S.K.: 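I have a structure I would like to understand better, so I am pasting it below and will then ask my questions one at a time.
Hydrogens, waters and symmetry mates are skipped; everything else that's a heavy atom, side chains included, is used. Treat the numbers as computed from the prediction; the structure is a model and nothing was measured.
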Amino acid sequence: MEERIAAHKAIRDDLLKVVAQYPGCWARPTEGGSYIFLKLPDLKVTLTQFVKLCRAQAAVTVTPGTEFGPQFTQWIRLNFSQDHKAAVDAVDRICQMAMRYQA
């Protein structure tokens with residue numbers, strides 16, 4: 001179990017490092033969950049459109065933050081898998097999308 005927890009933390013930490021490279025993107029470190037709640041910069045598309053664009057253009061499925069409360073209009077939630085590289089690559093693609101559609 002300790003080995004799995006350490007691997008999980010390593011994925012989380014690397015995801016947060018990727019997010020930190022993109023101005024306007026931010027995520028709070030999780031405390032054990034296998035997801036991150038990612039705040040996006042202001043976008044020139046709606047959150048619903050952004051979620052669809054992520055799926056179509058970045059091959060990543062995310063959940064709009066508004067599923068967790070109406071106030072989360074600039075947030076998305078994504079689960080990260082046990083595949084470290086795939087998770088890091090996916091978050092990088094999401095953040096690139098945020099830069100592409102930033103207002």
Side-chain angles (χ1 to χ4, degrees):
M1 184 62 111
E2 288 178 25
E3 185 177 309
R4 179 64 201 129
I5 290 170
H8 189 269
K9 286 181 180 179
I11 296 171
R12 178 205 61 200
D13 292 347
D14 284 350
L15 296 180
L16 294 174
K17 286 176 189 173
V18 169
V19 170
Q21 295 175 34
Y22 291 91
C25 293
W26 181 83
R28 183 180 68 81
T30 61
E31 296 176 12
S34 61
Y35 63 89
I36 60 171
F37 208 49
L38 175 61
K39 185 170 192 233
L40 303 166
D42 289 336
L43 301 172
K44 54 188 169 187
V45 297
T46 68
L47 185 62
T48 300
Q49 290 169 322
F50 185 76
V51 167
K52 290 177 183 179
L53 289 164
C54 280
R55 190 176 312 123
Q57 295 179 10
V60 181
T61 301
V62 298
T63 304
T66 51
E67 292 290 317
F68 303 95
Q71 70 274 28
F72 297 116
T73 57
Q74 284 185 258
W75 297 78
I76 57 172
R77 180 182 172 183
L78 57 136
N79 289 6
F80 54 88
S81 67
Q82 296 179 19
D83 185 331
H84 193 129
K85 182 176 178 351
V88 170
D89 290 347
V91 168
D92 190 54
R93 291 193 309 274
I94 291 167
C95 291
Q96 288 177 29
M97 294 286 295
M99 296 299 98
R100 181 180 307 156
Y101 291 99
Q102 186 172 13

S.K.: Over all heavy atoms of both residues, which pair between P41 and Q74 is shortest? Give the atoms and the distance, please.
M.R.: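 Looks like C-NE2, 3.4 Å.
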S.K.: Under the rule for side-chain hydrogen bond (donor to acceptor under 3.5 Å, both in side chains), what residues qualify as partners of T46, not counting sequence neighbours?
M.R.: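 T46 satisfies side-chain hydrogen bond (donor to acceptor under 3.5 Å, both in side chains) with Q49 only.
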S.K.: Under a single-linkage definition using a 4.5 Å side-chain heavy-atom cutoff for Ile, Leu, Val, Met, Phe, Trp and Tyr, are L16 and V18 assigned to the same hydrophobic cluster?
M.R.: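 Per the 4.5 Å side-chain linkage, L16 and V18 are not co-clustered.
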S.K.: Report the C-alpha distance between I11 and V88 in whole Å, list the side-chain angles of each, state the deciding distance to 0.1 Å, and finish with yes or no for side chain to side chain contact (heavy atoms under 4.5 Å, CB included).
M.R.: CA-CA 7 Å; I11 296 171; V88 170; 5.5 Å; no
S.K.: By the definition side chain to side chain contact (heavy atoms under 4.5 Å, CB included), identify the one residue from I76, V91, N79 that meets it with I36.
M.R.: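 Filter result, single survivor: V91.
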S.K.: Does L78 form a side chain to side chain contact (heavy atoms under 4.5 Å, CB included) with V60? I'd like the steps, not just the answer.
M.R.: CA-CA 9 Å; L78 57 136; V60 181; 5.6 Å; no
S.K.: Suppose we screen for side-chain hydrogen bond (donor to acceptor under 3.5 Å, both in side chains). Which residues come up paired with D89, at least two apart in sequence or across chains?
M.R.: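 With sequence neighbours excluded, D89 shows a side-chain hydrogen bond (donor to acceptor under 3.5 Å, both in side chains) to K85, given in chain and number order.
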S.K.: Got a sec, which residues hit side-chain hydrogen bond (donor to acceptor under 3.5 Å, both in side chains) with D13, two or more places apart in sequence or on another chain?
M.R.: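 In terms of side-chain hydrogen bond (donor to acceptor under 3.5 Å, both in side chains), with neighbours along the sequence ignored, D13 is linked to no residue.
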S.K.: Taking all non-hydrogen atoms of both residues, which atom of A98 and which atom of L43 are closest, and how far apart?
M.R.: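 For A98 and L43, the tightest heavy-atom pair comes out as O-CD2, 3.8 Å.
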S.K.: May I have all residue pairs that pass salt bridge (Lys or Arg N to Asp or Glu O under 4.0 Å) and include part of residues 49-75, sequence neighbours excluded?
M.R.: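 Salt bridge (Lys or Arg N to Asp or Glu O under 4.0 Å) check on residues 49-75 returns no pairs.
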S.K.: Would you give the length of the straight line joining atom OG1 of T30 to atom CZ of F80, rounded to the nearest 0.5 angstrom?
M.R.: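 T30 atom OG1 to F80 atom CZ measures 5.0 Å (nearest 0.5 Å).
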S.K.: What are the two closest non-hydrogen atoms of M99 and P23, and how far apart are they?
M.R.: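 Between these two residues, the closest heavy atoms are CE-O, 3.1 Å.
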S.K.: Taking all non-hydrogen atoms of both residues into account, name the closest pair between L47 and P64 and its distance.
M.R.: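 The answer is CD2-CB, 3.8 Å.
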S.K.: Please find the pair of heavy atoms, one from V19 and one from A27, that lie closest to each other, and give the distance.
M.R.: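 Closest pair (atom of V19, atom of A27, distance): CG1-N, 3.9 Å.
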S.K.: Could you tell me which non-hydrogen atom of L38 sits nearest to which non-hydrogen atom of C95, and how far apart they are?
M.R.: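 Looking at all heavy atoms of both residues, the closest pair is CD2-SG, 4.5 Å.
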S.K.: Other than F68, what residues sit in its cluster of Ile, Leu, Val, Met, Phe, Trp and Tyr side chains whose heavy atoms are under 4.5 Å apart, directly or through others?
M.R.: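 Reading the cluster by chain and number, F68 sits alongside W26, F37, F72, W75.
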S.K.: Name all pairs fulfilling the side-chain hydrogen bond (donor to acceptor under 3.5 Å, both in side chains) condition that reach into residues 93-103, sequence neighbours left out, sorted by first residue then second.
M.R.: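 For residues 93-103, and leaving out neighbouring residues, the side-chain hydrogen bond (donor to acceptor under 3.5 Å, both in side chains) pairs sorted by first residue read Q57-R100, Q57-Y101, D92-Q96.
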S.K.: If you count every heavy atom of other residues, nucleotides or ligands that lies below 6.0 Å from E3 atom CD, does the total exceed 12?
M.R.: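 Not buried by this count: 12 neighbours or fewer within 6.0 Å.
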S.K.: So how far is it from F50 CZ to I94 CD1, rounded to the nearest 0.5 Å?
M.R.: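 Those atoms lie 7.0 Å apart.
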